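What follows is a single structure, written as structure tokens, with notes after it.
For the numbers below, each heavy atom of this structure counts, side chains included, while hydrogens, waters and symmetry mates do not. Naming convention: chains lettered A, B, ... in sequence-line order (proteins, then strands); numbering from 1 in each chain. On a predicted model such as this, the values are computed, not experimentally measured, just so you know.
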There are 2 protein chains.
Amino acid sequence: MRYHRSDVVERAVEVLDAYGLASLTMRRLGAELGVQPSALYHHFLNKQTLLAAVADEILARGRRPRTASSWDGLVAEVCRELRDSMLAYRDGSDVVATVYAFGLGAAGPVEELTEVLADAGCSDELAAVGSRTLLHFVFGHTYEEQTALQANSVGAIDLPARSSQFDLGLALVVDGLRARVGATVRV
Amino acid sequence: MRYHRSDVVERAVEVLDAYGLASLTMRRLGAELGVQPSALYHHFLNKQTLLAAVADEILARGRRPRTASSWDGLVAEVCRELRDSMLAYRDGSDVVATVYAFGLGAAGPVEELTEVLADAGCSDELAAVGSRTLLHFVFGHTYEEQTALQANSVGAIDLPARSSQFDLGLALVVDGLRARVGATVRV
DNA sequence: ACCTGAACACCGTTCAAGT
DNA sequence: ACCTGAACACCGTTCAAGT
């Protein structure tokens, strides 16, 4: 009954995946650990901070190596990894998007996207706007996807169709970027 | 002390704008109307339903006539109107995006965008994916914008710069759409 | 039709005190 | 360093009863 911060985060991820974000309360998590809710405040400043750690843990677990060499290939890899990471846990997109929106964590993907676009020759402004536009697409699309998946008990029906919708939406933004990257540099 | 549903919605919008979404509780709203919180359940099934009505009210107040004749001009008008509508009230983007995400309301913009894209000759799939990608962009961008605006007490500093970032992000998606609309039909 | 009053089953957070 | 126990100040929602 003596925990480290990382123990608490891991248990929080389990509770999230098993019972959903609405059930991930400080009181519930405390009970799950056999500890008073107030004990959690020894490890975390508040619930937001705990949630940020949960979001970062989810992203860390979904990490995989980059293989693409082109900027648009890298963009696709980052966006797909982000989507898959969030889909791997119940309410994952809700947690990650919320934490990002609050500016408390989950900033890795947008930073990597910004870097990829900058390396591709985008101006600072285009890299900033482009990476955030990509992120908004991934968050919004994945959230809707996950909501629908969890609503239908049998959500795995047309998984390929969903995946291709993601690719189509992604291509929309990437095509827009390509037109403007091409106008700036030639690689 | 005898209210209609519309009275409650209007007061809710006032409370939202004055004190923020976190303060828009059933108890607070009841107190503001000089009524028990339980009285609100005569007008609304639950808080979610009330929030949906608030979101739809915000969108209705921001409505303005269409002037563009081209599909991309119409897309820009719908997206700008949506952004401006949400920015007009404190936490407006939070309320509208949440209600939309829960599927309880705020569906007008995405329906109009889908129609515009279909009329432009997009396939059903492209119209569906494209309109939702646009919506995700507008929600995500405006939410970040509004959060930043409300954090800086003097958020009006570089309003033109923010507006042009919105236009740039929007152009990214519209350019991607144009490439695919053009591939399908010639207008 | 619209509202009251009281209750139920919860929240996040703080803080003095323990080991 | 990590946790207890008790409290504070809240939530959304239900429901019998009132007018």
Between C1' of C:dA1 and CG of B:D7, the distance in whole Å: 14 Å
Nucleotide D:dT4, atom C1' - distance to CG of A:L33 in whole Å: 15 Å
Of all residues at least two apart in sequence or in a different chain, which pass the salt bridge (Lys or Arg N to Asp or Glu O under 4.0 Å) check with [X]?
X     : answer
B:D84 : B:R64
A:E77 : none
B:R5  : none

Any [X] side-chain N or O less than 4.0 Å from OP1/OP2 of [N]:
X     : N     : value
B:Q36 : C:dC3 : no
A:H42 : D:dT4 : no
B:H4  : C:dA1 : no

Distance between C1' atoms of D:dC10 and C:dA9 (Å, rounded): 13 Å
C1' atoms of C:dC11 and D:dC8, separation to the nearest Å: 12 Å
Over 12 non-hydrogen atoms of neighbours within 6.0 angstrom of CZ in A:F44: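 Buried by this count: over 12 neighbours within 6.0 Å.
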Heavy-atom side-chain contact between A:D175 and B:L177 under 4.5 Å: no
For DNA chain D, stems built from three or more consecutive Watson-Crick or G-U wobble pairs below 3.5 Å: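 Output for stems: C:4-8 with D:12-16, C:12-16 with D:4-8.
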Less than 3.5 Å apart, which donor and acceptor atoms pair up between the side chains of residues 85-104 of chain B and the rest of the protein, not counting sequence neighbours?
from, atom 1, to, atom 2, distance (Å)
B:S85, OG, B:E81, O, 2.7
B:Y89, OH, B:R61, NH1, 3.1
B:R90, NH2, B:A18, O, 3.0
B:D91, OD1, B:Q150, NE2, 3.2
B:D91, OD2, B:L21, N, 2.7
B:S93, OG, B:Q146, OE1, 2.6
B:D94, OD1, B:T98, OG1, 3.3
B:T98, OG1, B:D94, O, 2.6
B:Y100, OH, A:E144, OE2, 3.1

Residues A:S164 and A:D167: side-chain donor-acceptor under 3.5 angstrom: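 Side chains of A:S164 and A:D167: no pair found under 3.5 Å.
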Whether B:D56 side chain and B:A53 backbone form a donor-acceptor pair below 3.5 Å: no
Contact pattern, 5' to 3', of nucleotides 10-18 of chain D - B, S or - by protein heavy atom under 4.0 Å: -BBBBB---
